[in-house]
2 protein chains.
Amino acid sequence: MTARSRSGPEMTAGNDDDELLPRGQRKQRTRDALIDAALQLMNEGRSFNSLGLREITRVAGVVPTSFYRHFKDTNELGLVLVEESGLTLRRMLREARRAGAPVKDMIRRSVRVYKAFVLANRLHFLFVAGERSGGSPVIRSAIRNEVDQFINEMTQDVRHLAIFPNLSPEALRRVCELVVNTMLHAATDVLDLPPGDDALAQAQEDNHVQQVRLIFLGASLWREEIERG
Amino acid sequence: MTARSRSGPEMTAGNDDDELLPRGQRKQRTRDALIDAALQLMNEGRSFNSLGLREITRVAGVVPTSFYRHFKDTNELGLVLVEESGLTLRRMLREARRAGAPVKDMIRRSVRVYKAFVLANRLHFLFVAGERSGGSPVIRSAIRNEVDQFINEMTQDVRHLAIFPNLSPEALRRVCELVVNTMLHAATDVLDLPPGDDALAQAQEDNHVQQVRLIFLGASLWREEIERG
DNA sequence: TCGGTTGGTGGACGTATGTTCACTGATGAA
DNA sequence: TTCATCAGTGAACATACGTCCACCAACCGA
């Protein structure tokens with residue numbers, strides 16, 4: 001599976017330059033339009049499994065029956081969204097790996113990068129954070145798998161950075177799990193924050209930074225044989 | 001506002017012994033039946049704002065129009081649910097206060113008590129954990145207020161326990177916020193866990209215990225002037 | 001005892017939904 | 001050029017929804 005290429009802020013199926021495209025790509029276009037429509041509706045405050053099939057097709061600029069050419073039902077579209085979001089998460093990890101860990105002010109810089117990434121991928125984080133504990137069981141468990149896998153990969157990356165040589169693999173994973181949970185919840189804060197209020201944004205960032213600092217402080221001083229009791 | 005008294009696992013409006021009740025109490029009965037119906041539907045895996053008015057009244061054993069005698073719309077019922085859940089949270093805090101902090105094995109014991117409380121109040125935690133990041137904006141923000149207030153009260157309680165004399169009020173609140181977020185997410189784990197699998201439950205408990213231990217370790221060693229940079 | 005108040009009923013309405021079906025017109029391989 | 005394939009169409013369906021209305025029966029203060 002490869003990432004979709006978005007064409008604009010409001011994607012509908014009947015674009016101007018779709019006449020000259022081969023059939024496969026045209027199909028992919030309206031498929032993308034359907035997915036984007038679902039994301040767009042969630043961006044307006046709706047939860048995924050309250051979305052209707054007709055509603056999605058309406059926003060996508062397509063007749064309801066077209067939906068079935070691409071998905072069996074809305075749940076199947078949801079699972080595709082989970083997969084896409086998982087790709088986004090892994091892309092974040094990959095970019096972080098490529099950039100390397102900042103040596104000075106590591107945590108604050110990382111939180112800033114994370115926040116920027118969340119805003120740049122607003123819709124996916126909105127979906128993940130929103131449906132992770134909320135919606136239909138099948139989607140929830142799919143998201144859980146995706147996040148679990150993300151935590152595993154992050155654990156590997158952190159291990160190679162050798163920041164916490166004192167931690168066993170299990171303990172290190174636990175630390176990563178804690179950070180991921182904290183930061184996924186932080187994503188909701190970031191996304192809910194109205195833009196323009198710089199002071200509030202700064203206070204929020206400080207809060208997130210210090211929460212991670214606290215976790216890292218605990219992690220750096222953790223001694224397996226003592227704390228495990 | 002006082003807590004409702006539930007009458008059974010499946011509460012409907014047309015109970016057997018409602019003939020001899022005064023009108024006010026009878027009204028309260030069907031109101032409770034509506035609230036319980038919504039909770040019951042969520043317990044079956046539905047998210048709140050996908051619930052329909054008719055659906056709720058059907059489960060409550062009442063005709064759809066009766067709904068309007070008690071709530072303006074489903075959202076208003078949701079806000080009542082938020083308030084109820086807030087009461088449950090505060091009740092937990094009150095009970096913990098009364099029992100006092102366990103001196104030995106504090107964290108593990110506390111996690112066990114918490115887990116028991118979550119299971120005993122399954123529906124409220126399911127609602128809070130599920131709608132905290134998911135559903136309609138108005139309910140989400142109402143829950144956020146409730147949780148914020150809970151964090152504040154918990155901060156006061158922890159302050160009086162004098163566990164972290166090194167922390168400023170702001171830092172202590174941050175620690176509580178971290179613990180609450182972690183434990184609210186843990187509630188989802190607990191509620192999703194299929195019963196009977198003792199080994200998995202034990203592993204899950206260990207995980208939660210060690211996450212809190214890690215936070216507490218960090219908190220106990222936090223030095224304001226050093227870490228705030 | 002009376003009569004207003006009130007919680008619950010049943011029917012009806014317009015509208016929205018998910019799903020079906022036959023159809024169309026362009027695509028792309030033969 | 002021919003022709004099967006197939007993404008998208010439009011009409012129709014049964015069903016569900018939220019909301020309105022008139023009505024009823026029981027409660028409860030007068």
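Chain naming here is simple, since letters A, B, ... match the order of the sequence lines and numbering starts at 1 in each. Worth saying up front: this structure is predicted, and the values here are computed from it rather than measured.
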If I take atom [atom1] in residue [X] and atom [atom2] in nucleotide [N], what distance separates them, rounded to the nearest angstrom?
| X | N | atom1 | atom2 | result |
| --- | --- | --- | --- | --- |
| R46(A) | dA16(C) | CZ | P | 13 Å |
| R58(B) | dG18(D) | CZ | P | 9 Å |
| K72(B) | dC20(D) | NZ | P | 12 Å |
| E55(A) | dC17(D) | CD | P | 16 Å |
| Y68(B) | dC20(D) | OH | C1' | 9 Å |
| H70(B) | dG18(D) | NE2 | C1' | 17 Å |
| D32(A) | dG8(D) | CG | C1' | 16 Å |
| E76(A) | dT19(C) | CD | P | 12 Å |

Nearest to the side chain of [X] - [options]?
| X | options | result |
| --- | --- | --- |
| K27(B) | dT9(D), dG7(C), dG18(D) | dG7(C) |
| S66(A) | dG11(C), dG8(D), dG8(C) | dG8(D) |
| V63(A) | dT19(C), dT19(D), dT9(D) | dT9(D) |

### Task
For F67(A), report the nucleic acid contact type (base, sugar-phosphate, nothing); a contact means any heavy atom under 4.0 Å.
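No contact.
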Do [X] and [Y] have a side chain donor and acceptor closer than 3.5 Å?
| X | Y | value |
| --- | --- | --- |
| Q156(B) | N152(B) | no |
| S47(B) | N49(A) | yes |
| S133(B) | H185(A) | no |

### Query
Salt bridge between R140(A) and E131(A), side-chain N to carboxylate O under 4.0 Å?
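Answer for the salt bridge query: no.
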### Message
If you assign R69(A) and R54(A) each to the DNA chain C nucleotide with the nearest heavy atom, which residue ends up on the more 5' nucleotide?
### Response
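Its nearest nucleotide lies further toward 5', so the answer is R54(A).
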### Query
Which of these, N121(B), L81(B), T88(B), sits in a side-chain contact (heavy atoms from CB on, under 4.5 Å) with F127(B)?
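In the set N121(B), L81(B), T88(B), the residue that makes a side-chain contact (heavy atoms from CB on, under 4.5 Å) with F127(B) is L81(B).
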### Message
For dG10(D), does the base pair up with any side-chain atom of T65(A) as donor and acceptor (N or O, under 3.5 Å, distance only)?
### Response
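By the distance-only test, yes, there is a pair.
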